[in-house]
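Written below as structure tokens is the structure these notes are about.
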Amino acid sequence: MEAVVVDAGSKLLKAGPAVPDQAPSMIIPTQMKRVPEDGSLSENSLCEDIVVDPVVRGYIRDWDAMEDLLHHVLYTGLGWEIGNEGQILFTDPLCTPKAVREQLVQLMFETFNISGFYASEQAVLSLYAVGRISGCTVDIGHGKIDIAPVIEGAVQHIASRRLEIGGVDLTKLLAQELSKSNPGVNLNLSDVEKLKENFSCCAEDEVAYAKIFNSHDGEEKHTLPDGQVIKIGRERYTVGEALFQPSILGLEAHGIVEQLVRSVTPVSSENHKQLLENTVLCGGTASMTGFEDRFQREAGLCSSAIRPALIKPPEYMPENLTHYSAWVGGAILAKVVFPQNQHVTKADYDETGPSIVHRKCF
Amino acid sequence: MSWQTYVDDHLMCDIDGQGQHLSAAAIVGHDGSVWAQSSTFPSLKAPEIAGILKDFEEPGHLAPTGLHIGGTKYMVIQGEPNVVIRGKKGSGGITIKKTGQALVFGVYEEPVTPGQCNMVVERLGDYLIDQGL
């Protein structure tokens, strides 16, 4: 039986059997609704639905919800049978606390009774997906941005940085901007999320952005599902610009390219060239129209002597690799780790307990 | 049980019954004195030991310069603060576990995996900690 790879993000959960050159078979939203227990579907039940987010800013926070979600994914989605569970590989975000990793291993072995487990950091996996073992990953996800230099498969933790901004903050920004220019329109966050995905883009550079910001042409009318009509113009560019000028979001931080360049400074300088010239963009938000071009342009203007250069994914990889590169990397790694028995087996877990994950999983 | 027996039988032992071994191992006191070592273990220099002890206290100390053992340089990778230091060199590497009074070193080469080296070194380290050493 194929090992299963699960990449639980703050917005989307990617899961599927470990087949590296295909997209994951399940890409489902991580967010769930809690339905009232008594099962009464009266008109009141809609307002009582509580939205539950098991994964917040990249880390698993609500374990019961996560358990339910995984149950659905593994048994219903991927066709596992109780009593015949297989092997699973999980992806971890950067700087996952030890306790979270241990709790995940415990959940998998004790509740799900799996036969083998492995966990690896998303940054390393994204690099494997593009065929490298060293380089920098810039992972712009829904809940956070992680910038991590990796050398030969090992993340340089002293150099990596995490910014607590992500797609969810960009959605709020878009909602704010839209309500300023469209007063009186009631916007709900999930509609704004869809608008963001369809319309947001990056200006070519700061000068072009300033021009767009000051002019009012290029406004399109768009109809929301509930029938309201809104105008979207320069707000689409504001969302993209916020990644390069975080002051738009109210943060005192450098733009993303500058953060990348500064993050490699603690690493010994003989590695800087290799790291910056092998930069991988991943994460849903990084696939915004114009983001890659703007990134490369900013890279040409940045303060370091070595210009960051983006890696092109290999041709045999599916389209949209940025959305699930960590999952694909996990599939590649699963093909190596499980057959060679480098993973944590049930026997290992029973003998040593959850702390074994720190020793065996790199 | 003498310290040399610990090194020979418990660190340089057969891993997982597959005929593989660590390539070198040692148990060294916090003051730098070697309690026992395998014949293949390089001699540690005083600044190297000082650097290792400092890194246990301040994780990240050795990362910019690298971990040096007997002149060989290892790249520092994820360890556990004040408990384990791990280093990597090509397809091999080193694991250092800190116990109450000693440092347990294990050096491995391919085909031994980092996970296997960690298991061997840390298991002995945990045993020594339980014994008050």
Side-chain angles (χ1 to χ4, degrees), chain A residues 92 94-99 101-102 116-121 123-124 133-134 148-160 263-272 274-275 333 336-345 347-349 351-362, chain B residues 15-20 22 51 54-55 58-68 73-98 104 106 108 110-127 129-130:
Chain A
D92 287 329
L94 211 55
C95 308
T96 305
K98 284 169 61 166
R101 276 182 129 199
E102 287 183 18
F117 179 91
Y118 200 80
S120 185
E121 282 171 298
V124 176
I133 53 174
S134 303
V150 176
I151 301 184
E152 290 190 15
V155 176
Q156 306 299 301
H157 287 95
I158 47 166
S160 49
S263 73
V264 297
T265 35
V267 182
S268 60
S269 48
E270 61 202 22
N271 292 316
H272 285 189
Q274 189 187 35
L275 288 173
L333 187 64
V336 170
V337 159
F338 289 114
Q340 290 187 8
N341 281 332
Q342 288 176 20
H343 58 283
V344 178
T345 60
D348 289 334
Y349 175 78
E351 200 184 302
T352 323
S355 58
I356 192 166
V357 70
H358 307 301
R359 294 183 194 176
K360 275 202 133 180
C361 296
F362 275 95
Chain B
I15 298 176
D16 293 339
Q18 283 167 10
Q20 292 168 353
L22 293 184
K54 186 110 196 281
D55 191 80
E58 286 173 27
H61 172 72
L62 286 177
T65 50
L67 168 67
H68 294 260
K73 182 175 167 184
Y74 292 84
M75 181 177 80
V76 177
I77 56 177
Q78 174 79 316
E80 288 168 49
N82 206 28
V83 177
V84 184
I85 294 178
R86 300 193 182 109
K88 191 171 128 82
K89 180 175 158 52
S91 53
I94 185 171
T95 303
I96 311 176
K97 171 109 180 179
K98 180 176 172 186
V104 183
Y108 66 94
E110 210 171 10
V112 176
T113 65
Q116 286 170 320
C117 177
N118 283 337
M119 292 297 288
V120 172
V121 171
E122 294 187 43
R123 208 169 37 203
L124 181 67
D126 287 338
Y127 172 74
I129 292 174
D130 280 341

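The part of A:Ile356 that comes within reach of chain B is its side chain, from C-beta onward, which places non-hydrogen atoms under 4.5 angstrom from that chain. Heavy atoms closer than 4.5 Å to chain B are found nowhere in A:Ser269, neither backbone nor side chain. Contacts between B:Glu80 and chain A at a heavy-atom distance below 4.5 Å involve the side chain alone, from C-beta outward. For chain B, no part of A:Gln340 is nearby; none of its heavy atoms comes within less than 4.5 Å. Neither the backbone nor the side chain of A:Glu121 comes within less than 4.5 Å of any heavy atom in chain B. With a 4.5 Å cut-off on non-hydrogen atoms, A:Gln342 touches chain B through its side chain but not through its backbone. Looking at B:Val121, there are no atoms closer than 4.5 Å to chain A (heavy atoms on both sides), in backbone or side chain.
Scanning for salt bridge (Lys or Arg N to Asp or Glu O under 4.0 Å) contacts around B:Glu110 gives an empty result, with sequence neighbours left out. Among residues two or more places apart in sequence or in another chain, the salt bridge (Lys or Arg N to Asp or Glu O under 4.0 Å) test is passed with B:Arg123 by none.
A:Ile158 approaches B:Gly60 most closely through the heavy-atom pair CG2-CA, 3.9 Å. Here the closest non-hydrogen pair linking B:Met119 and A:Thr352 is CE-OG1, 4.3 Å.
Rounded to the nearest 0.5 angstrom, A:Arg359 CZ and B:Gln116 CD are separated by 14.0 Å.
The closest side-chain heavy-atom distance from A:His358 to B:Glu122 is not below 4.5 Å.
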